[in-house]
Amino acid sequence: MNSLRQILSHGAVTVLAVAIAFSLPGFANYILNEWWPEVENNANLLLGTEIALASVLALVFNMAKIAWDHRQRVLVARLASLVHARNGDAGWWARRRERALVNQLTTARDAFVLTLTGYDTLVAEDSLLRPVIDKAYEIRVMLVNPVGHGLRRRAESLPSDVTVLTLHTEIEATIGALSALRKYGKKVKLKFYDEEPFWKIVVLGDYIWVQHCHSGFVVREQPEYVFALQHTEPRHGLFVPFYMIFLNYWNDPSHPEYDFETNELVYRDAGGKETGRDLLGVPIDGASIPPLPRTPVAAQSAQAVLLRRSPAAERTVVF
């Protein structure tokens with residue numbers, strides 16, 4: 001479709017240029033032999049012609065200035081490798097360009113995600129990136145630790161309709177979606193970080209989606225930026241810096257990895273050796289975990305209900 005659109009656009013420009021070229025002699029003959037003699041003898045027609053010509057010249061010069069300004073912006077965007085940007089509250093029609101960009105993506109072998117709960121990207125039905133991520137072979141995801149202080153601080157900064165329990169439910173749904181992908185033979189790894197989230201980063205092939213996790217605002221309401229890797233000049237643009245942010249988070253040994261088989265957080269040292277485990281306590285895919293007793297709403301907000309560290313389970317240290 002892209003090739004066809006380019007062929008049609010070039011064909012239309014060529015036809016227009018040929019038509020203008022062949023019409024110039026007749027147009028010039030009309031101006032010199034018919035229009036100009038009438039203008040010389042009619043003061044009102046001369047005044048109208050001058051006003052029309054001045055208006056056309058003003059319009060042309062303004063369009064040239066706008067085109068020059070846009071050219072400068074295009075050069076800046078190209079240097080930053082920015083290929084797409086949208087506001088968080090953009091509607092269906094405003095996101096058509098992003099849908100076209102996603103449709104152009106070939107099947108990415110790897111998909112890397114650094115986000116808050118992962119629900120809007122990996123679970124939500126209206127997620128534009130979920131079909132592409134589901135087709136990837138290796139999927140690495142980093143979510144905020146459901147029993148960490150970062151998630152609680154994040155919940156406290158959001159509107160009252162978003163609570164710790166809400167974020168726990170979204171994380172549980174994300175883990176369930178990743179578990180389903182593992183059953184299809186996907187190589188899925190999940191890690192958790194304790195810090196309050198600052199960036200949402202999704203890497204798919206040569207493109208990277210970035211959103212700022214602004215305190216007090218839901219991530220999906222934030223502006224979204226898409227940067228592309230420049231193969232000829234990899235040092236140019238913001239693709240590599242944001243990609244390195246993900247890699248630094250992923251390679252940090254303080255961030256535990258989730259064990260889908262045992263529902264535990266696995267801690268490792270800098271050399272990759274396992275140093276201990278913690279029970280996450282999340283019922284995934286109907287796992288046989290005893291239901292929690294019904295507690296008042298105040299108690300639910302004071303502790304993690306769906307995701308909590310078992311009181312009787314202490315961290316197992318591996319020597």
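Just so it is clear, the structure is predicted and the values come from calculations on it, not from any experiment.
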If you measure from [atom1] on [X] to [atom2] on [Y], what distance do you get to the nearest 0.5 Å?
X: Lys200; Y: Leu116; atom1: NZ; atom2: CG; answer: 9.5 Å
X: Leu143; Y: Leu178; atom1: CG; atom2: CG; answer: 7.0 Å
X: Thr121; Y: Leu128; atom1: OG1; atom2: CG; answer: 10.0 Å
X: Leu122; Y: Glu170; atom1: CG; atom2: CD; answer: 11.5 Å
X: His214; Y: Ser157; atom1: NE2; atom2: OG; answer: 10.0 Å
X: Phe198; Y: Gln211; atom1: CZ; atom2: CD; answer: 13.5 Å

Taking all non-hydrogen atoms of both residues, which atom of [X] and which atom of [Y] are closest, and how far apart?
X: Val102; Y: Trp209; value: CG2-CZ2, 4.1 Å
X: Val144; Y: Ile171; value: O-CD1, 3.7 Å
X: Pro197; Y: Gly150; value: CD-O, 4.4 Å
X: Gly216; Y: Pro159; value: O-CD, 4.1 Å
X: Ser81; Y: Gly237; value: OG-CA, 3.2 Å
X: Leu204; Y: Ala111; value: CD2-CB, 3.6 Å

4.5 Å side-chain heavy-atom contact, [X] and [Y]:
X: Val188; Y: Val141; answer: no
X: Met142; Y: Ile201; answer: no
X: Ile51; Y: Leu47; answer: yes
X: Glu195; Y: Tyr249; answer: yes
X: Val202; Y: Thr115; answer: no
X: Val240; Y: Leu229; answer: yes
X: Val203; Y: Leu114; answer: no
X: Tyr207; Y: Leu129; answer: no

Worksheet item: So, does Asn62 use its side chain to make a donor-acceptor pair with the main chain of Ala58 at under 3.5 Å?
Response: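 Side chain of Asn62 to backbone of Ala58: a pair is present.
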Worksheet item: Quick one: does Lys191's side chain have a donor or acceptor within less than 3.5 Å of a partner on Trp250's backbone?
Response: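 Judged by distance alone, yes, a pair lies under 3.5 Å.
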Item to complete: Sorted by first residue and then second, give each ring pair (Phe, Tyr, Trp, His ring centres under 6.0 Å) pair with at least one member in residues 111-152; sequence neighbours left out.
Response: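 Every pair satisfying ring pair (Phe, Tyr, Trp, His ring centres under 6.0 Å) with a residue in residues 111-152: Phe112-Phe246.
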Worksheet entry | Any donor-acceptor N or O pair under 3.5 Å, side chains Thr163, Thr166 |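 Looking only at side-chain atoms, Thr166 and Thr163 do form a donor-acceptor pair, the distance falling under 3.5 Å.
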Is there a path of hydrophobic side-chain contacts, each under 4.5 Å between heavy atoms of I, L, V, M, F, W or Y residues, that connects [X] with [Y]?
X: Tyr225; Y: Val74; value: no
X: Val226; Y: Leu79; value: no
X: Val219; Y: Val123; value: no
X: Val210; Y: Met244; value: yes
X: Phe61; Y: Leu53; value: yes

Discussion item. Under the rule for side chain to side chain donor-acceptor pair (under 3.5 Å), what residues qualify as partners of Thr174, not counting sequence neighbours?
Written reply: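 Checked Thr174 against side chain to side chain donor-acceptor pair (under 3.5 Å); zero matches.
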Is the closest basic N to carboxylate O distance between [X] and [Y] below 4.0 Å?
X: Glu196; Y: Arg154; answer: no
X: Glu125; Y: Arg130; answer: yes
X: Glu233; Y: Arg78; answer: no
X: Arg277; Y: Asp259; answer: yes
X: Arg73; Y: Asp69; answer: no

Practice prompt. Kindly assign one of parallel, tilted or perpendicular to the pair Tyr258 and Phe260, based on the angle between their ring planes and the thresholds 30° and 60°.
Written response: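 The rings of Tyr258 and Phe260 stand perpendicular, inter-plane angle above 60°.
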Item to complete: Would you please classify the geometry between the Phe242 ring and the Trp199 ring as parallel, tilted or perpendicular, with 30° and 60° separating the classes?
Response: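 Trp199 vs Phe242 ring planes: perpendicular.
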Fill in: Derivation of the side chain to side chain contact (heavy atoms under 4.5 Å, CB included) call for His168 and Leu151
CA-CA 9 Å; His168 283 176; Leu151 181 134; 3.7 Å; yes
Item to complete: Please name all residues satisfying ring-ring contact (aromatic ring centres under 6.0 Å, His included) with Phe192, sequence neighbours left out, ordered by chain then number.
Response: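 ring-ring contact (aromatic ring centres under 6.0 Å, His included) list for Phe192, sorted by chain: empty.
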Practice prompt. Just do the side chain to side chain contact (heavy atoms under 4.5 Å, CB included) check on Leu181 and Asp134 with the steps written out, would you?
Written response: CA-CA 7 Å; Leu181 291 177; Asp134 291 348; 3.8 Å; yes
Worksheet item: Which is it for Leu167 and Val162 under the side chain to side chain contact (heavy atoms under 4.5 Å, CB included) test, yes or no, and what are the steps along the way?
Response: CA-CA 7 Å; Leu167 300 180; Val162 180; 3.9 Å; yes
Fill in: Greater than 12 external heavy atoms within 6.0 Å of Lys186's NZ
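Atom NZ in Lys186 is packed in, count exceeds 12.
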